[in-house]
Amino acid sequence: MSLDKLKEKLKNKTPDGVYAFYGDEEYTKSFYLKKLLDYAEKSPAPEFNTVLFNDETITADALRDAIDTPPFMCEYKAIVVNGLPLANKSLINELCEICGDTAPGIILIFSLRAGDVDCAAYNKKKDKGAYVPLLDSVSEYGICVEFSKESGAKLYNWIGKHFAASGVTASQEAIEFLPAYCGNEMTVLHSEISKLCSYCKSGQTVTAADVEFVCCPNYDYQFFELAASVVEKNFAKTRSIMQNFAFNNVAPEIIMGTVAKNFCDMLYVKSSFIEKKDAVASRNAISMPDWLYKRTLASTSKVSIATLRRIVAACDKADKKLKSYSGDQYTQLELLFCEIDKK
């Protein structure tokens, strides 16, 4: 793997060469970018050994000038191009040529922003619109690294290590609940872990309840909580969540569509449970983590299959009604959710 090659170069303290960083996980991208920049920034004259470009300032001539100027009073010079005008094919072609011309001691990094490259399409190379020739050139002469969002066991392991590094113990339930509650952006998780470590006393184990009390929930979790509040007939909670969505300008059609999917998942989980299907197989069929499966079962424990089917059908009618409503859609949506299981 390209990341393994990058780690090996850092371990061997031979960082010079050309790199391209792309993908949606900004935390690890920034982490390794800093590792490479440290070779220049910790030199006696970092201002002469660190050159930064962005998508507005980068030109082929300016990059060549930076590469042709050797490191000053140190072994390495770092040149970072943060963001690229990928639509400028002429410039990209010139940068491709430059990739093979870097001299020893030069660390050249092309750092593409999250969303710049459709990674799945690029890796398959079936979508010509996603084709980025610069990545191929970097792969030929140096190291091209995709930083994708982590999930599952790798992410849980990362979270556990960060708690341990601060001398704090976290339950496995809390570790698995944290990304579900806050999202899997590592930058966000790093901040939330710091908050939890500050909140929990020495010797205290972080629990899922601590996560819910201290941390900020992401929208995916709030969508589920909205669906659960409707099923559980906790209409005060329904109104509270809807008011928060309205305050943050979450599009009503996204709220309606996502909550409707949550109702469908609830119906599937409830049906599978009644039919005594294997829990693991049921979870995997809809890519549902264990904590959410248990939470879904708890939310649907006091409602019948018939009620859930009626709620799913009502969502379709509510969606059509919402699209034709010309007034305040948030208020209308809140009323629809509060009335949906009273009929």
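- A salt bridge between Lys11 and Glu8 is absent, with no side-chain N of the basic residue lying under 4.0 Å from a carboxylate O of the acidic one.
- Side-chain contact, Asn54 with Thr57: a donor N or O sits under 3.5 Å from an acceptor N or O.
- Judged by distance alone, with hydrogens and angles left aside, the side-chain atoms of Ser43 form a donor-acceptor pair with the main-chain N or O of Ala40 at under 3.5 Å.
- Distance alone, capped at 3.5 Å, places no donor-acceptor pair between the Lys270 side chain and the Ile305 backbone.
- The shortest distance between side-chain heavy atoms of Ile79 and Leu108 falls below 4.5 Å.
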(request) Begin from the C-alpha positions of Glu140 and Cys99 and carry the test side chain to side chain contact (heavy atoms under 4.5 Å, CB included) through to its verdict. (result) CA-CA 9 Å; Glu140 181 180 355; Cys99 288; over 6 Å; no
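- Atoms CG and CG, from Leu91 and Leu63 in turn, are 9.0 Å apart once rounded to the nearest 0.5 Å.
- Looking at Ser240, its side chain never comes within 3.5 Å of a backbone N or O of Ala236 through a donor-acceptor pair.
- Hydrophobic clustering of Ile, Leu, Val, Met, Phe, Trp and Tyr side chains at less than 4.5 Å, counting indirect connections, keeps Phe247 apart from Phe245.
- Put simply, the side chain of Lys29 gets close to the backbone of Leu112: a donor and an acceptor are under 3.5 Å apart.
- Within a 6.0 Å radius of NZ in Lys35, other residues, nucleotides and ligands contribute 12 heavy atoms or fewer.
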(request) Quick one: do Trp158 and Tyr27 satisfy side chain to side chain contact (heavy atoms under 4.5 Å, CB included)? Show the steps, please. (result) CA-CA 12 Å; Trp158 180 86; Tyr27 181 88; 3.5 Å; yes
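- Judged by distance alone, with hydrogens and angles left aside, the side-chain atoms of Ser287 form no donor-acceptor pair with the main-chain N or O of Arg283 at under 3.5 Å.
- Cluster annotation: Ile107 is not connected to Met73 through the hydrophobic network of ILVMFWY side chains, with a link wherever side-chain heavy atoms come within less than 4.5 Å.
- Remark: side-chain polar atoms of Thr238 are not paired, donor with acceptor, to backbone N or O of Lys233 under 3.5 angstrom.
- Atom CZ of Phe273 has 12 or fewer neighbouring heavy atoms from other residues, nucleotides or ligands inside a 6.0 Å radius.
- Residues Leu10 and Leu36 meet the side-chain proximity criterion, which asks for heavy atoms closer than 4.5 Å.
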(request) Check step by step if side chain to side chain contact (heavy atoms under 4.5 Å, CB included) holds for Phe147 and Leu33. (result) CA-CA 12 Å; Phe147 293 95; Leu33 182 61; over 6 Å; no
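- Legend: side-chain hydrogen bond (donor to acceptor under 3.5 Å, both in side chains) pairs involving residues 174-187, not counting sequence neighbours, sorted by first then second residue: Lys149-Glu185, Gln172-Glu176.
- Nearest heavy atom pair, residue Asp16 against residue Gly105, reads OD2-N, 3.1 Å.
- By the 4.5 Å heavy-atom criterion applied to side chains, Ile255 and Leu226 are counted as neighbours.
- Taking CE from Met266 and OG from Ser299, the interatomic distance works out to 5.0 Å, rounded to the nearest 0.5 Å.
- A salt bridge links Asp55 with Arg113; the closest basic N to acidic carboxylate O contact falls under 4.0 Å.
- Summarising the geometry, atom OG belonging to Ser2 is positioned 7.0 Å from atom CD1 belonging to Ile143; distances are rounded to the nearest 0.5 Å.
- The two residues Leu189 and Pro179 have their closest heavy-atom pair at CD2-CA, 4.0 Å.
- At least one side-chain heavy atom of Val138 sits under 4.5 Å from a side-chain heavy atom of Phe110.
- Side-chain atoms of Asn49 come within 3.5 Å of backbone atoms of Phe72 as a donor-acceptor pair (strictly under, hydrogens ignored).
- Without hydrogens or angle criteria, Lys77 side chain to Ile106 main chain gives no donor-acceptor distance under 3.5 Å.
- Inter-residue side-chain proximity for Asn157 and Ile159 is flagged as unmet; no heavy-atom pair is nearer than 4.5 Å.
- To the nearest 0.5 Å, the span separating CD1 on Ile109 from CZ on Phe53 amounts to 13.0 Å.
- Environment of CD in Glu253: crowded, with over 12 heavy atoms of neighbouring residues, nucleotides or ligands closer than 6.0 Å.
- The two residues Cys144 and Tyr22 come nearest to each other via the heavy atoms SG-CE2, 3.6 Å.
- Under a hydrophobic-cluster definition in which Ile, Leu, Val, Met, Phe, Trp and Tyr are linked whenever side-chain heavy atoms come within less than 4.5 Å, directly or via other members, Ile175 and Val188 are assigned to different clusters.
- When all heavy atoms of Phe223 and Val259 are compared, the closest pair comes out as O-CG2, 3.9 Å.
- At a threshold of 4.5 Å between non-hydrogen side-chain atoms, the residues Val250 and Tyr219 count as touching.
- Interatomic distance, CG of Leu267 versus CZ of Arg310, reported as 12.5 Å (0.5 Å rounding).
- Salt-bridge check for Arg295 with Glu225: passed, with a basic side-chain N closer than 4.0 Å to an acidic carboxylate O.
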(request) For the pair Ser282 and Tyr268, evaluate side chain to side chain contact (heavy atoms under 4.5 Å, CB included) and give the outcome as yes or no after the intermediate values. (result) CA-CA 8 Å; Ser282 298; Tyr268 176 82; 4.2 Å; yes
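- Listed for the Thr59 side chain is a donor-acceptor partner under 3.5 Å among the backbone atoms of Ala62.
- Between the CG atom in Leu196 and the SG atom in Cys215 there is a gap of 4.0 Å [rounded to 0.5 Å].
- Between Pro133 and Ile92, the shortest heavy-atom contact is CG-CG2, 4.0 Å.
- Both Phe224 and Ile254 are part of a single hydrophobic cluster, where members link through side-chain heavy atoms under 4.5 Å apart.
- Between Lys261 and Asp265 there is a salt bridge, with a side-chain nitrogen of the basic residue lying less than 4.0 Å from a carboxylate oxygen of the acidic one.
- Annotation for Ser171 and Thr205: closest pair N-CG2, 3.6 Å, computed over non-hydrogen atoms.
- Centroid-to-centroid, the aromatic rings of Phe177 and Tyr221 come within less than 6.0 Å.
- Just one residue in the list Cys200, Ser194, Ser198, Cys197 forms a side chain to side chain contact (heavy atoms under 4.5 Å, CB included) with Ser166, and that residue is Cys197.
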(request) Might you work through the side-chain hydrogen bond (donor to acceptor under 3.5 Å, both in side chains) test for Asp210 and Thr207, ending with a clear yes or no? (result) CA-CA 5 Å; Asp210 293 327; Thr207 66; 3.2 Å; yes
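- In this structure, Lys7 and Tyr32 have side chains that are in contact, with non-hydrogen atoms separated by less than 4.5 Å.
- Side-chain heavy atoms closer than 4.5 Å link hydrophobic residues (I, L, V, M, F, W, Y) into clusters, and following such links, even through other members, never connects Tyr293 to Val280.
- Between His190 and His162, the ring planes are perpendicular. Angles over 60° get that label, and only those under 30° would be called parallel.
- Around the CD atom of Glu173, the shell of radius 6.0 Å holds no more than 12 heavy atoms that belong to other residues, nucleotides or ligands.
- Looking at Cys74 and Pro44, their side chains come closer than 4.5 Å, going by heavy atoms from C-beta outward.
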(request) Tell me, with the steps shown, if Arg64 and Asp68 meet salt bridge (charged side-chain N to carboxylate O under 4.0 Å, His left out). (result) CA-CA 6 Å; Arg64 285 194 182 96; Asp68 291 342; over 6 Å; no
